[in-house]
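Each residue takes its place number in the sequence, starting with 1. Owing to the predicted nature of the structure, the values given are computational and were not obtained by experimental measurement.
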Amino acid sequence: MGSFSGKTVILTGGGYSVLPDGRCGAIGYGIATAFAKEGANLTITGRNVKKLEDAKAALESEYGNKVLMIQADVDNSPEAIDRVQSVVDQTIEEFGQIDCLINCAQASSPGVSLIETTVEQFDLSVYTGLYAVFYYMKACHPYLKKTHGSVINFASGAGLFGNAGQTAYAAAKEGIRGISRVAATEWGPDDININVICPLAWTAPLDKFSHENPEAFKANVHMPPMGHYGDPETEIGRVCVQLASPDFKYMSGETITLEGGMGQRP
């Protein structure tokens with residue numbers, strides 16, 4: 001019996017991805033794997049149906065937990081908020097409760113200077129990131145209040161340090177940090193724990209970024225002092241499990257920066 005047996009986690013951006021060596025190749029999939037090992041029921045969302053199907057098949061066959069996969073993209077259309085509510089409604093219908101919300105999904109166009117950033121590129125980051133967090137937190141609040149649950153949102157060092165070429169991404173991620181701090185203040189009386197993680201993990205998208213934008217990668221992505229990048233499952237995913245654990249209450253509203261397994265609270 002794992003620490004999350006009988007509990008339910010909604011995770012945005014949980015599609016299947018592995019690196020050539022077989023390790024989890026995306027932060028969302030790494031988190032899903034970490035919670036699956038603890039027996040959690042999972043609702044995973046994303047834009048790519050094939051990746052969601054592959055994640056569901058792999059997690060259920062390997063760990064025996066139940067995974068609900070739902071294609072749900074957050075964009076600037078009027079229907080986006082309804083898609084989010086549908087995810088929450090389907091989760092309640094399937095599992096009966098929500099114990100943890102993890103907002104990991106984010107799209108962006110990296111390597112573009114502020115002057116060259118288009119409105120479309122800015123909207124892509126803000127809607128898939130900041131608006132998605134806003135919509136999901138509002139929709140999940142009544143259920144998290146019942147379970148005294150937790151929210152884990154993902155920001156980034158791009159916002160903390162002002163990385164060049166990441167205007168829209170940094171803006172969305174700093175907005176996520178802001179809304180998380182407000183929620184920590186307002187939802188504390190409801191016994192809902194709120195935290196933000198700013199990860200630096202080696203993932204398939206980061207590997208792609210290193211090849212497609214080598215100069216931006218060199219300028220903004222530096223090897224952590226421990227000499228390795230964070231692992232999506234064993235480091236990022238396990239931190240999420242710890243923060244969401246009913247046996248562990250972290251200081252709500254904190255930002256945790258993870259680089260190569262090192263945690264800091266700036």
Check whether any side-chain heavy atom of Arg83 sits under 4.5 Å from a side-chain heavy atom of Val74, and report yes or no. no

Can you get from Tyr16 to Val49 by hopping between Ile, Leu, Val, Met, Phe, Trp and Tyr side chains that sit under 4.5 Å apart? yes

Flag, side chain of Asn195 to backbone of Ile152, donor-acceptor distance under 3.5 Å: no

Under a 3.5 Å distance rule, please check whether Gln85 uses its side chain to pair with a backbone N or O of Ala139 as donor and acceptor. no

Measuring from Thr167:OG1 to Ile115:CD1, what's the distance to the nearest 0.5 Å? 9.5 Å

Report the distance from atom CG of Asn153 to atom OH of Tyr136, rounding to the nearest 0.5 Å. 12.5 Å

Quick test of your reading of the model: are Glu94 and Lys66 salt-bridged, counting only N-O distances below 4.0 Å? yes

Heavy-atom pair of closest approach, residues Ala158 and Ala170: O-CB, 3.6 Å

Would you kindly say whether Asn163 and Gln166 are connected by a side-chain donor-acceptor distance under 3.5 Å? yes

Could you check if a side-chain atom of Ile102 sits within less than 4.5 angstrom of a side-chain atom of Val9, using non-hydrogen atoms only? yes

Pair Glu215, Asn213: side-chain N/O donor-acceptor within cut-off below 3.5 Å: no

Dump the intermediate steps for salt bridge (Lys or Arg N to Asp or Glu O under 4.0 Å) on Lys37 and Glu233, then the final yes or no. CA-CA 10 Å; Lys37 287 183 176 180; Glu233 178 204 339; 2.5 Å; yes

Could you walk me through whether Leu160 and Cys198 pass the side-chain contact (heavy atoms from CB on, under 4.5 Å) test, one step at a time? CA-CA 9 Å; Leu160 288 171; Cys198 299; 3.7 Å; yes

Do Asn193 and His148 have side chains that approach each other closer than 4.5 Å (heavy atoms only, starting at C-beta)? no

Applying a strict under-4.5 Å side-chain criterion to I, L, V, M, F, W and Y, I'd like to know whether Val196 and Tyr169 cluster together. no

Backbone of Asp231 reached by a side-chain donor or acceptor of Thr234 within 3.5 Å: no

Is it true that a side-chain atom of Glu60 and a backbone atom of Val67 form a donor plus acceptor pair closer than 3.5 Å? yes

For residues Cys100 and Ser150, determine if any side-chain heavy atom of one lies less than 4.5 Å from a side-chain heavy atom of the other. yes

Once you round to the nearest 0.5 Å, how far does CG of Leu101 lie from OG1 of Thr12? 7.0 Å

Under 4.5 Å between any side-chain heavy atoms of Gln121 and Val112, yes or no? yes

Compute whether any side-chain donor of one residue and acceptor of the other, for Glu116 and Ser113, lie under 3.5 angstrom apart. yes

Within a strict 4.5 Å, meaning less than it, do heavy atoms of the Tyr29 and Ile44 side chains meet? no

Run the salt bridge (Lys or Arg N to Asp or Glu O under 4.0 Å) test on Glu174 and Arg177 for me, step by step, so that the C-alpha distance in whole Å, both residues' side-chain angles and the decisive distance to 0.1 Å come before the verdict. CA-CA 5 Å; Glu174 284 298 273; Arg177 285 214 305 149; 3.0 Å; yes

Establish, from distance only, whether the side-chain atoms of His141 and Asp190 form a donor-acceptor pair under 3.5 Å. yes

Quick check on Phe134: does its CZ atom have over 12 non-hydrogen neighbours (other residues, nucleotides or ligands) under 6.0 Å away? no

Point-to-point distance, once rounded to the nearest 0.5 Å, from OG of Ser61 to NZ of Lys56: 11.0 Å

With a 4.5 Å cut-off on side-chain heavy atoms, are Asn103 and Ile10 touching? no

Donor-acceptor pair, side chain of Ser125 and main chain of Ala172, under 3.5 angstrom: no

Give a yes or no on whether the backbone of Gly149 and the side-chain of Asp99 come within a donor-acceptor separation of less than 3.5 Å. no

Establish whether Leu124 and Tyr131 are linked, either directly or via other cluster members, by ILVMFWY side-chain heavy-atom contacts under 4.5 Å. no

Smallest separation among heavy atoms of Leu52 and Gly14, with atom names: CD2-C, 4.5 Å

Looking at Ile98, is its backbone amide N or carbonyl O close enough to the side chain of Thr147 to form a donor-acceptor pair, meaning the two atoms are under 3.5 Å apart? yes

Atom pair CD1/CH2 of Ile194 and Trp187 - distance to nearest 0.5 Å: 5.5 Å

Polar contact flag, side-chain donor to acceptor under 3.5 angstrom, Gln90-Ser86: yes

Pair Glu38, Arg238 - check salt bridge (Lys or Arg N to Asp or Glu O under 4.0 Å), show working. CA-CA 10 Å; Glu38 294 296 330; Arg238 292 306 306 175; 3.1 Å; yes

Check whether Thr128 reaches the backbone of Ala107 with its side chain - one donor and one acceptor, N or O, closer than 3.5 Å. yes

Looking at Thr91, is its backbone amide N or carbonyl O close enough to the side chain of Thr43 to form a donor-acceptor pair, meaning the two atoms are under 3.5 Å apart? no

Roughly how far, to the nearest 0.5 Å, is the CD1 atom of Ile192 from the CE atom of Met137? 8.5 Å

Lys173 side chain vs Phe154 backbone, donor-acceptor pair below 3.5 Å: yes

Would you call the rings of Trp202 and Tyr229 parallel, tilted or perpendicular, taking 30° and 60° as the class edges? tilted

side-chain contact (heavy atoms from CB on, under 4.5 Å) between Leu68 and Ile70, intermediate numbers included: CA-CA 7 Å; Leu68 175 64; Ile70 305 172; 3.9 Å; yes

Could you tell me whether the side chain of Cys240 reaches within less than 4.5 Å of the side chain of Ile197, counting heavy atoms only? yes

Can you name the closest pair of heavy atoms from Cys24 and Pro232 and give their distance? O-CG, 3.4 Å

